[in-house]
Amino acid sequence: MAAMWVFGYGSLIWKAGFHHDDRLVGFIKDYRRVFYQGSTDHRGTPEYPGRTVTLEPAPGELCWGVAYKVSRKEDQEVALTYLEVREKQYDKKEYVDFFTKETGGSSAAVTGVMVYIASPDKANINYLGPASVEEIAKQIVHAEGPSGPNRDYLFNLEKTLLQMGCKDEHVMKIADEARKLIQGANST
């Protein structure tokens, strides 16, 4: 049986939640990470959704993250069951090529890596779409759900990406704005 590979570009980077045999740091091509997906089950509520990242097509761009290898059939079944619940607000599954620093951009380290994407399709009722950095940061600072404050997700993502050597401008701008809002609220 072939190994199953899963690409994580949000909280899966620091919290897989399933057994895996290998974890590679790298990137996929022609996508960018954006805080366009509403979270009503983890980092927000139906009344006040949080914002989590999804991917959108972006020719020429790279999205850094991690790929997890799951080899055993039993582990694959458990991982898929877990991911179908955890990622249930993400309405699309794609299979992409995954590259590492070692392979550069020339040849894929792994092909057919599964990734969950929240699309702008009307069927995705939690898709929030683009907004200004200020609006996104404000929503994140105030949202909280069963998995904790939305700001923890944002700051964990920023920290983990920086530890991987990835400076994601979208994430960093929102994190900087969120820190300003928090600082401003604490100084009054």
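Keep in mind the model is a prediction, meaning the values are calculated, not measured.
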Just do the side chain to side chain contact (heavy atoms under 4.5 Å, CB included) check on V171 and L154 with the steps written out, would you? CA-CA 7 Å; V171 174; L154 169 64; 4.3 Å; yes
Note: [X]-[Y] ion pair, threshold 4.0 Å (strictly below):
X: K173; Y: E177; answer: no
X: E158; Y: R179; answer: yes
X: K88; Y: E84; answer: no
X: R43; Y: E144; answer: no

Would you call [X] and [Y] a side-chain contact if the rule is heavy atoms closer than 4.5 Å?
X: R32; Y: L55; value: no
X: I182; Y: F155; value: yes
X: D121; Y: K92; value: no
X: L12; Y: L83; value: yes

Go through E135 and S132 one step at a time and tell me if the side chain to side chain donor-acceptor pair (under 3.5 Å) criterion holds. CA-CA 5 Å; E135 287 175 68; S132 69; 3.2 Å; yes
Output yes when a side-chain donor or acceptor of [X] lies under 3.5 Å from a complementary backbone atom of [Y], and no otherwise.
X: R151; Y: V141; answer: yes
X: E56; Y: Y31; answer: no
X: N124; Y: S119; answer: yes

Hey, what do you get for [atom1] ([X]) to [atom2] ([Y]), rounding to the nearest 0.5 Å?
X: N126; Y: T40; atom1: CG; atom2: OG1; result: 4.0 Å
X: D41; Y: E87; atom1: CG; atom2: CD; result: 9.5 Å
X: T81; Y: Q76; atom1: OG1; atom2: CD; result: 11.5 Å

Shortest non-hydrogen contact between Q139 and P49, atoms and distance: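 Scanning both residues completely, I find the closest heavy atoms to be NE2-O, 3.0 Å.
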According to the ring pair (Phe, Tyr, Trp, His ring centres under 6.0 Å) rule, which pairs have a member within residues 99-142, sequence neighbours left out?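 Residue pairs with at least one partner in residues 99-142: F27-F99.
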Could you note down all residue pairs passing side-chain hydrogen bond (donor to acceptor under 3.5 Å, both in side chains) where residues 13-29 supplies at least one of them, sequence neighbours left out?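 Found D21-S71.
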Among I174, L128, T54, which residue satisfies the side-chain contact (heavy atoms from CB on, under 4.5 Å) criterion with F35?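 Only one option passes, and that is I174.
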Going by the rule salt bridge (Lys or Arg N to Asp or Glu O under 4.0 Å), which residues pair with E102 if we only count those two or more places apart in sequence or in a different chain?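 Applying salt bridge (Lys or Arg N to Asp or Glu O under 4.0 Å) to E102 gives none.
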CA sep, side-chain torsions, deciding dist, call: K167, L161, side chain to side chain contact (heavy atoms under 4.5 Å, CB included): CA-CA 7 Å; K167 291 185 176 178; L161 289 171; over 6 Å; no
Sole candidate of F18, W5, Y9, F7 that passes ring pair (Phe, Tyr, Trp, His ring centres under 6.0 Å) when paired with Y68: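 Only match with Y68 under ring pair (Phe, Tyr, Trp, His ring centres under 6.0 Å): F18.
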Determine whether S39 and Q89 satisfy the following criterion, side chain to side chain donor-acceptor pair (under 3.5 Å), listing intermediate values before the conclusion. CA-CA 8 Å; S39 175; Q89 293 190 338; 4.6 Å; no
